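As the structure is a computational prediction, the values presented were derived from the model and not from experiment.
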Amino acid sequence: MAVLRTRGRSVTRGRGRFLGSCAAIAVATCGGCATLPERAPPPVESAAAPALAGPLHDYAARIAAQIDERSTAHWLLERADDALTARLALADTAVATLDVQYFVWQNDATGSLLALRLLDAAERGVKVRLLLDDFGVSKSGAMVSWLDGHPGIEVRVFNPWASRDSLVGLTFEFLARAKTLNRRMHNKALIADGRFAVVGGRNIGDRYFGLYEPFVEDDLDVLVAGPLVADLGASFDQFWNSSATYPVALLDKSRQPAEIAKAADRLAENAAAAAPRLAAFPARVADWTGYLDGLTTTYAAGPSELYADSPEFANPDRARLYPRLKELVASAEREVLISSPYFIPDAEFRELIKALVARGVRVAVVTNSLATNNHVVAHTGYKQWRREVLRAGAELYELRVDAAARSEYVTPPTMSRALGLHAKAMVVDRKRAFIGSPNVDPRSLQINTEIGIAADSEELAHRLAALLERDMAPENAWRVTMDAEGSLTWSSGAGAVTRQPATGFVQRAEEFLLNLLPLKDQS
């Protein structure tokens, strides 16, 4: 989601008074709106100790015996089918716990398939804790949240709306509580038995796993085993026990057991109806021995650190991801490669780029073009800094909607028509690799909570660098250059153009109109 902030001084005094009056009316109108239920602070609940038996314990032990005790094993999950396969394998193989944290969980084929696997796990005695941002639960009614009715599954939501059903109520509540409700939990992680975990950029939904015909996402996750998994579990616990997190049952009291059962049936119907598209994945709990055997020889090992925001926004001393990410980039001596779907660098990051280039560091950024950007308003924010980034000496690449790499992200038999960039990653000096959920934009770095890992592994860094350079190649991206007069040219394997690539007149018109609004000012 790309919700952009407005800088106060860009609004005239008259407009400011008008907006203030509107806000006051909204607050007054919302006086009768629903309010969050009062509750006693929930008891602090920590993750169970890592499982001492089961396949994930056994394979984690085998891998740990092969590497340094301080190192984590990493597997890049760049292909869409591999990313869903890893999640299914962990859900099917877990024997003790599944801690699952996501921003969006869609009610589509892959969302239904994975939700059913959580239900299957709970049926065999696995304790499932599911933590969702309320943006996806209150607005799109993520059916996975209804699995809370199972005794082995507890669902909590982060920063909830009090209004649950009415669009009008949601609108007025947002106007009244905009500062609070604008802050969302953008984290994405799945932790199985305290032994393996998946963390990265993908939400749960067909477009993230190559099964959406209009477009699919060029996205990235990493599967990990080793010391980092405990840190991921500790971060999950912080959110699970946060004062901003509510049991979904406390908010949606109208749900009856019969309706919950119907939701499970609906999930099964969704998955069954999409069976031809889901042909690459087992429809039921499977034996993953062969998959797990493969992990023992394909990892990239090295010390890994967790970069994560604290959920406690009101605490001025809370843990922050952004300062650590800037330190990582600033440590570069030769090269920084960046993939960010929404690239709207603030003043500090722009100065950082200038300083790096000034001392001879290559800085190369790949982001969405207007044609591949699913949030055109985000493109208007990026567009205003494009020339400054180029003037600083950075290389700038914009993804082609017809990128050849699309075949890497489409899961047969689906044939998607377009590709969009959703991978958030960095490589520093081909030695350190960062993979996670944040974009380089104010929403990720100042408003939302985010999560990611920074690995000191040359092998992982080289693998990731190869992916980012592939996305920057002429068959996949336009390289944007600027002449002395400030005119821009987009060059790729398709030739060169002097007008930014777009899908057509409608998208250009939308971008033109949004560019007139004071939404793009991010400094």
So, Asp99 side chain and Ala47 main chain: donor-acceptor pair closer than 3.5 Å or not? no

Between atom CG of Asp309 and atom CG of Asn448, what is the distance when rounded to the nearest 0.5 Å? 8.5 Å

Does any part of the side chain of Val329, heavy atoms only, come nearer than 4.5 Å to the side chain of Leu356, both counted from C-beta? yes

Within the distance-only criterion (no hydrogens, no angle test), does the side chain of Ser235 pair as donor or acceptor with the backbone N or O of Leu232 below 3.5 angstrom? no

side-chain contact (heavy atoms from CB on, under 4.5 Å), that's the test. Do Tyr246 and Leu36 meet it? Break it down for me. CA-CA 9 Å; Tyr246 277 66; Leu36 289 170; 4.0 Å; yes

Are any non-hydrogen side-chain atoms of Asp471 and Leu467 less than 4.5 angstrom apart? no

For Val198, is there any backbone N or O sitting under 3.5 Å from a side-chain donor or acceptor partner on Asp221? no

Between Arg443 and Asn182, a side-chain donor and acceptor under 3.5 Å: yes

Have Asp81 and Thr411 got a donor and an acceptor in their side chains that come within less than 3.5 Å? no

Judged by atom type as modelled, is there a donor-acceptor pair below 3.5 Å linking the side chain of Asn159 to the main-chain atoms of Arg183? yes

Arg87 and Leu114: CA distance, side-chain angles, deciding distance, side-chain contact (heavy atoms from CB on, under 4.5 Å) verdict: CA-CA 8 Å; Arg87 288 165 170 84; Leu114 191 53; 4.2 Å; yes

Value for CZ (Arg177) from CH2 (Trp161), rounded to nearest 0.5 Å, stands at 8.5 Å

What I want to find out is whether Arg79 reaches Glu408 closely enough, with some N-O distance under 4.0 Å, to be called a salt bridge. yes

For the student: nearest non-hydrogen atoms of Val248 and Val157, plus distance: CG2-CG1, 4.2 Å

Determine whether Lys424 and Ser339 satisfy the following criterion, side-chain contact (heavy atoms from CB on, under 4.5 Å), listing intermediate values before the conclusion. CA-CA 5 Å; Lys424 297 99 164 143; Ser339 175; over 6 Å; no

Quick one: do the Glu459 and His74 side chains pair a donor with an acceptor below 3.5 Å? no

Salt-bridge present (Glu305, Arg324; N to O < 4.0 Å): yes

Could you check whether any side-chain heavy atom of Met426 comes within less than 4.5 Å of a side-chain heavy atom of Leu337, counting everything from C-beta outward? no

Non-hydrogen atoms of Thr367 and Ser340 that approach each other most closely: OG1-O, 2.7 Å

I'd like to know if Arg430 and Glu335 make a salt bridge, using a cut-off of under 4.0 Å between side-chain N and carboxylate O. yes

Leu77 and Asp219: side-chain contact (heavy atoms from CB on, under 4.5 Å), yes or no, with the steps? CA-CA 9 Å; Leu77 302 174; Asp219 217 332; over 6 Å; no

Do Arg184 and Phe135 meet the cation-pi criteria used here (NZ or CZ under 6.0 Å from the six-membered ring centre, within 45° of the axis)? no

Could you tell me whether Asp120 and Arg284 have a side-chain N and a carboxylate O separated by less than 4.0 Å? no

Side chain to side chain, Met185 and Pro311, heavy atoms closer than 4.5 Å: no

To the closest 0.5 Å, what do you measure between CG (Asn270) and CG (Asp265)? 11.0 Å

Is the distance between the ring centroids of Tyr208 and His422 under 6.0 Å? yes

Given Phe158, Tyr342, Phe103, Phe239, the one that forms ring-ring contact (aromatic ring centres under 6.0 Å, His included) with His186: Phe103

Between Ala109 and Arg277, which heavy-atom pair has the shortest distance, and what is it? CB-NH2, 3.7 Å

Apply salt bridge (Lys or Arg N to Asp or Glu O under 4.0 Å) to the pair Arg62 and Asp293, showing each step before the final yes or no. CA-CA 10 Å; Arg62 283 176 58 181; Asp293 279 338; 3.6 Å; yes

Kindly check if the number of other-residue, nucleotide or ligand heavy atoms within 6.0 Å of CZ (Arg318) is above 12? yes

Report yes if some heavy atom in the side chain of Val229 is under 4.5 Å from a heavy atom in the side chain of Ile191; otherwise report no. yes

So, Glu469 and Arg362, do they make that salt bridge, N to O below 4.0 Å? yes

Thinking salt bridges, do Lys127 and Asp193 make one under a 4.0 Å N-O criterion? no

Within a 6.0 Å radius of atom CD on Glu333, are there more than 12 heavy atoms belonging to other residues, nucleotides or ligands? no

So does Glu213 pair up with Arg207, basic N to acidic O under 4.0 Å? no

Asp456 side chain vs Gly302 backbone, donor-acceptor pair below 3.5 Å: no

Should Asp429 and Lys431 count as an ion pair when the cut-off is N to O under 4.0 Å? no

Do Trp240 and Glu154 have side chains that approach each other closer than 4.5 Å (heavy atoms only, starting at C-beta)? yes

Over all atoms of both residues, closest heavy-atom pair of Ala122 and Ile153: CB-CG1, 3.5 Å

Donor-acceptor pair, side chain of Ser112 and main chain of Ala268, under 3.5 angstrom: no

Please indicate whether Phe434 has more than 12 foreign heavy atoms, meaning atoms of other residues, nucleotides or ligands, lying under 6.0 Å from its CZ. yes

Indicate yes or no for a side-chain donor-acceptor contact from Asp108 to the backbone of Gly111 under 3.5 Å, with no hydrogens or angles considered. yes

Would the distance check show the side chain of Thr245 and the main-chain N or O of Asn241 forming a donor-acceptor pair, the cut-off being under 3.5 Å? no

To the nearest 0.5 Å, what is the distance between CH2 on Trp105 and CD on Gln101? 12.0 Å

Decide yes or no for Ser304 and Val224: does some side-chain heavy atom of the first lie under 4.5 Å from some side-chain heavy atom of the second? no

With side chains defined as the heavy atoms from C-beta onward, is the minimum distance between Leu113 and Leu278 less than 4.5 Å? yes

Are the side chain of Arg320 and the backbone of Leu445 linked by a donor-acceptor contact shorter than 3.5 Å? yes

Let me confirm one number: the OG-CG distance from Ser145 to Leu131, rounded to the nearest 0.5 Å. 12.0 Å

Between Arg117 and Asp92, does any side-chain N to carboxylate O distance fall below 4.0 Å? yes

Which heavy atom in Thr449 sits nearest to a heavy atom in Ser310, and how many Å separate them? CG2-O, 3.9 Å

Measuring from Asn439:CG to His375:NE2, what's the distance to the nearest 0.5 Å? 9.5 Å

Tell me the closest heavy-atom pair linking Pro438 and Leu321, and the distance in Å. CG-CD2, 3.9 Å

Arg129 bridged to Asp237 by N-O distance under 4.0 Å: yes

Looking only at atom types and distance, does a side-chain atom of Arg195 sit under 3.5 Å from a main-chain N or O of Ala51, one as donor and one as acceptor? yes

Can you tell me if Ser437 and Asn187 form a side-chain donor-acceptor pair at under 3.5 Å? no

